[in-house]
Amino acid sequence: MKFFVENVLVIFPFNIIFPEQIQIMYILKKLFDNKSHGIMGIPPGIGFSIATICFFFSYNFSLPIKKNLIYCLRKEIDS
């Protein structure tokens, strides 16, 4: 699936995308444009990882100067 987040062409590997994933991409676009750091608390199960990685590669591809992404994931296991 291909769609635009503002002026960035995003190529998403699935035919269905949740509204929450698109919302995450708009938030990431604001962070990247402002050259800001961000910490996001997202509930599990909405596809945060795939949305973040797809948007980062699409955003990075549209820029002449490449950027780095530091992605940390913490999962708590209930026992």
Side-chain angles (χ1 to χ4, degrees):
M1 170 185 287
K2 295 180 183 179
F3 59 94
F4 282 93
V5 173
E6 294 184 9
N7 59 346
V8 177
L9 175 64
V10 178
I11 300 172
F12 198 71
F14 302 110
N15 291 332
I16 298 173
I17 187 166
F18 297 117
E20 293 87 358
Q21 292 171 321
I22 296 172
Q23 186 178 13
I24 288 167
M25 292 181 190
Y26 275 97
I27 293 168
L28 290 172
K29 172 86 167 71
K30 289 180 185 178
L31 284 173
F32 294 161
D33 285 347
N34 293 331
K35 300 178 183 175
S36 300
H37 300 283
I39 297 174
M40 300 174 74
I42 304 294
I46 63 167
F48 177 72
S49 298
I50 193 70
T52 302
I53 292 168
C54 286
F55 182 75
F56 174 73
F57 284 130
S58 298
Y59 184 84
N60 211 18
F61 185 71
S62 68
L63 296 175
I65 299 172
K66 303 305 175 199
K67 297 185 180 229
N68 296 324
L69 175 68
I70 298 173
Y71 181 77
C72 298
L73 182 65
R74 177 179 174 203
K75 290 188 176 187
E76 294 182 16
I77 300 173
D78 294 332
S79 52

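The analysis underlying the following values was restricted to heavy atoms, covering all of them including side chains, and did not include hydrogens, waters or symmetry mates. Positions are given from 1 along the sequence.
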Reported NZ-to-OG distance for the pair Lys2 and Ser58, which is rounded to 0.5 angstrom: 10.5 Å
Pairwise distance CZ(Phe48) to CG(Leu28) - rounded to 0.5 angstrom: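 Going from the CZ atom of Phe48 to the CG atom of Leu28 covers 6.0 Å.
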Acceptor/donor pairs from residues 6-27 side chains to any protein atom, 3.5 angstrom cut, sequence neighbours excluded:
unit_1, atom_1, unit_2, atom_2, d
Gln21, OE1, Phe18, N, 2.9
Gln21, NE2, Ile46, O, 3.1
Gln21, NE2, Gly47, O, 3.4

Side chain to side chain contact (heavy atoms under 4.5 Å, CB included) between Phe55 and Val5, worked out: CA-CA 9 Å; Phe55 182 75; Val5 173; 4.0 Å; yes
Phe3 atom CZ: more than 12 heavy-atom contacts under 6.0 Å: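 More than 12 heavy atoms, drawn from other residues, nucleotides or ligands, come within 6.0 Å of this atom.
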Short side-chain to backbone donor-acceptor contact, Asn60 and Phe56, under 3.5 Å: no
